[in-house]
Amino acid sequence: MAALTHFGESVVMNTNVQLTQQESRRQERRYVFRRRGLMTTERVTTSIHTLDVSAHGMGVMSTVPIKTGESCSVVLDALLGARVVQLKFSCTAVCCTLAGTEGFRTSLYIDGRVESHQQQLQKIIATCSALAVRDLG
């Protein structure tokens, strides 16, 4: 790596390095997953809608910002055959950003040590994957 010779050069290079590191964090495929639900923290319970899901997390939209590192629980309604069931997840907020007038987009890490979480995520991903293949074909 070349030595830095200009004052502003290090700032630009550091910014580029940070963006590259953030972009490379995503290691799992994400699937479109749209459901309405509730997210509860120690401070508040708020309505959410999901955006996507992966093997260890999901993206949600809400009207309330959630602090990075804050624990929360998410409850979603889902169809199982002809029945509506509730899916419950224990999560940790990874990041939360303002997404225009729609509210806040929060990336949630779902605790994979809880076996029921992993089973539910695998079923959701299998369904989303099958729908994506069907839509392509």
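Heads up: numbering here begins at 1 and tracks the sequence.
- Grouped by direct or indirect side-chain proximity (heavy atoms under 4.5 Å, Ile/Leu/Val/Met/Phe/Trp/Tyr only), Met61 sits with Leu51.
- Taking all atoms of both residues into account, the shortest heavy-atom contact from Cys95 to Thr68 is CA-OG1, 3.9 Å.
- Looking at every heavy atom in both residues, Cys96 comes nearest to Pro65 through SG-CA, 3.8 Å.
- In this structure, the separation between NE2 on His49 and CZ on Phe33 is 12.5 Å, given to the nearest 0.5 Å.
- Across all their heavy atoms, Leu108 and Ala93 have their closest contact at CD2-CA, 3.9 Å.
- Contact check for Lys88 versus His117: no side-chain heavy atoms found under the 4.5 Å cut-off.
- Listed here is the closest heavy atom pair of Cys128 and Val53: SG-CG1, 4.4 Å.
- In this structure the side chain of Asp52 never reaches within 4.5 angstrom of the side chain of Val32, judged on heavy atoms.
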Could you give me the CA-CA distance, side-chain angles and deciding distance for Ile124 and Leu87, then say whether side chain to side chain contact (heavy atoms under 4.5 Å, CB included) is met? CA-CA 10 Å; Ile124 292 168; Leu87 304 177; 3.8 Å; yes
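- Interatomic distance, Ser73 OG to Met39 CE, rounded to the nearest 0.5 Å: 9.5 Å.
- Nearest heavy-atom pair, Arg43 versus Ile66, reported as atom, atom and distance to 0.1 Å: NH2-CA, 4.1 Å.
- Annotation: ring-ring contact (aromatic ring centres under 6.0 Å, His included) contacts of Phe104 (sequence neighbours excluded): none.
- Between Thr41 and Ser71 the shortest side-chain heavy-atom distance does not fall below 4.5 Å.
- The two residues Leu121 and Ala55 make their nearest non-hydrogen contact at CD1-O, 3.4 Å.
- By the 6.0 Å contact criterion, CZ on Arg36 is open, its count of non-hydrogen atoms from other residues, nucleotides or ligands being 12 or less.
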CA sep, side-chain torsions, deciding dist, call: Asp111, Cys91, side chain to side chain contact (heavy atoms under 4.5 Å, CB included): CA-CA 6 Å; Asp111 189 352; Cys91 308; over 6 Å; no
Candidate pair Leu76 and Met58, rule side chain to side chain contact (heavy atoms under 4.5 Å, CB included), full reasoning: CA-CA 12 Å; Leu76 305 172; Met58 67 176 64; 4.1 Å; yes
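- Under a hydrophobic clustering in which Ile, Leu, Val, Met, Phe, Trp and Tyr are joined whenever their side-chain heavy atoms come within less than 4.5 Å, directly or via other members, Val74 and Ile125 fall into the same cluster.
- Using modelled atom types, no side-chain atom of Ser62 and backbone atom of Ile48 make a donor-acceptor pair closer than 3.5 Å.
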